[in-house]
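Everything on this sheet refers to the single structure shown next.
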Amino acid sequence: MTTLGVRQRKPRPLLGSHAFLLVLTVALLAPVAWAILSSFKPAGEIIRNPLGFDPATFTLANFRGMFQDVPIGSGFLNTGIVLVAKGAITMFCAPLAAYAFAKYRFAGRNLIFGAVLLTLMLPTIVLVIPLLLEMKELGWVNTYQALILPGSVDAFAIFWMRQVIAAVPDELLDAARVDGCGEFGIFWRVVVPAIRPGLAGLGVLTIMNIYNDFVWPVVAASSSRMATLQVVLSTLAQNISGNRVDADYATVTGELLAAASIALVPLLILFIVLQKHFINGILAGSVKG
């Protein structure tokens, strides 16, 4: 029996679901759009007419004032250095540790992995004081070492990659061993190509976590010279008011929106460019076997 000539019914779009997702998208993006548009409005207009936008009043005054009053350039530089170094350590060490937990059998494996997962349950604030005392003993306060090394091998990253690597068939690894490939060669030549979606998802999450990190940088790097972008943003109002005698509430608000818009752009570009890889990575990390 054939199905030739039988017209298959196409599934009707779920209008209710689409409408709900549309409303949710608008609700989530509206504050972002408002902040970006308001950063191009005159400072006084932001207060007088916060919900309106007249293209005739378009101005870059908030951005010019913000660059003069706030060291946002050094914040971006410090964040970039920390992001590259810390991200590289995370993306290299976490999959290696996860590979050992997923594919090797050794005494105390489950106990050690349980201890790794236990650190996920500890609030960040609990670890701040011990880490700060350690950095002080090492003489690393207000240095890149203090910003980069603590937390560079993240427990969540290890857990994420273990779930992904566990889905790689053991037969592939055994075949590589038969061919004479070393253990690191197996990881680099067999495992890594097979887990690229998971690595892409982890990469996006790692970049976002490091870029948005605030608690540890504000403690470990108290000097303005070492302040990361998020620390700079947290002190914007004080910097603007301290550097400009005529800085009123409207001026501070306009420059705050300008700085927030600039800080938001890299993450928006990152997510738009890597959206497909991020979603594939989420799926790779959620399916085993």
Side-chain angles (χ1 to χ4, degrees), residues 21 25 28 79-106 108-122 124 127 147-179 181-213 216 264 266-289:
L21 292 175
T25 301
L28 292 175
T79 297
I81 293 173
V82 174
L83 184 61
V84 171
K86 192 170 185 176
I89 295 174
T90 300
M91 296 301 295
F92 180 75
C93 294
L96 271 177
Y99 175 58
F101 284 123
K103 295 302 181 181
Y104 288 97
R105 303 293 182 268
F106 54 89
R109 183 188 68 162
N110 293 334
L111 181 62
I112 297 174
F113 186 66
V116 172
L117 294 183
L118 185 62
T119 61
L120 291 174
M121 304 178 189
L122 296 176
T124 304
L127 303 174
L147 292 172
I148 293 170
L149 295 180
S152 57
V153 184
D154 183 57
F156 174 78
I158 296 175
F159 170 75
W160 175 290
M161 295 313 303
R162 180 185 180 275
Q163 298 303 105
V164 176
I165 294 174
V168 178
D170 293 337
E171 291 77 9
L172 290 177
L173 312 184
D174 294 336
R177 292 189 181 99
V178 170
D179 290 339
C181 189
E183 291 303 316
F184 183 78
I186 294 173
F187 169 77
W188 189 254
R189 298 177 183 177
V190 178
V191 175
V192 170
I195 62 172
R196 283 178 180 171
L199 283 173
L202 177 62
V204 175
L205 289 176
T206 299
I207 292 173
M208 293 176 64
N209 289 337
I210 297 174
Y211 188 85
N212 292 324
D213 192 14
W216 178 244
L264 181 65
L267 288 183
L268 283 178
I269 295 176
L270 173 72
F271 185 78
I272 292 172
V273 173
L274 300 180
Q275 180 182 10
K276 179 180 178 180
H277 300 286
F278 178 69
I279 295 174
N280 290 338
I282 293 288
L283 296 176
S286 62
V287 179
K288 179 180 177 181

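As a basis for the values below, the full set of heavy atoms in this structure was taken, side chains included, without hydrogen atoms, waters or symmetry mates. Starting from 1, each residue takes its place in the sequence as its number.
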Please report, to 0.1 Å, the donor-acceptor pairs under 3.5 Å made by any side chain of residues 202-212, with sequence neighbours excluded.
from	atom 1	to	atom 2	distance (Å)
T206	OG1	L202	O	2.7
N209	ND2	L205	O	3.1
Y211	OH	A263	O	2.7
N212	ND2	M208	O	3.2

Using distance only, find each side-chain donor-acceptor pair of residues 81-98 under 3.5 Å and give its atom names and separation, not counting sequence neighbours.
from	atom 1	to	atom 2	distance (Å)
K86	NZ	P150	O	3.1
T90	OG1	K86	O	3.0
T90	OG1	S152	O	2.3

_Interatomic distance, L264 atom CG to I269 atom CD1 [nearest 0.5 angstrom]_ = 9.5 Å
_Holding to side chain to side chain contact (heavy atoms under 4.5 Å, CB included), I want the full list of residues that pass it with L111, two or more places apart in sequence or in another chain._
none
Residues 182-199, side-chain donor-acceptor partners within the protein, below 3.5 Å, at least two apart:
from	atom 1	to	atom 2	distance (Å)
E183	OE1	Y104	OH	2.3
E183	OE1	R177	NH2	3.3
E183	OE2	R177	NE	3.0

*So which pairs with a foot in residues 91-106 pass salt bridge (Lys or Arg N to Asp or Glu O under 4.0 Å), sequence neighbours left out?*
K103-D170
_Nearest non-hydrogen partners of R109 and F101, listed with the distance_ = NH1-O, 3.1 Å
*Pairing residues for F159 by the ring-ring contact (aromatic ring centres under 6.0 Å, His included) criterion, not counting sequence neighbours*: none
*Got a donor-acceptor contact below 3.5 angstrom from the D154 side chain to the F156 backbone?*
yes
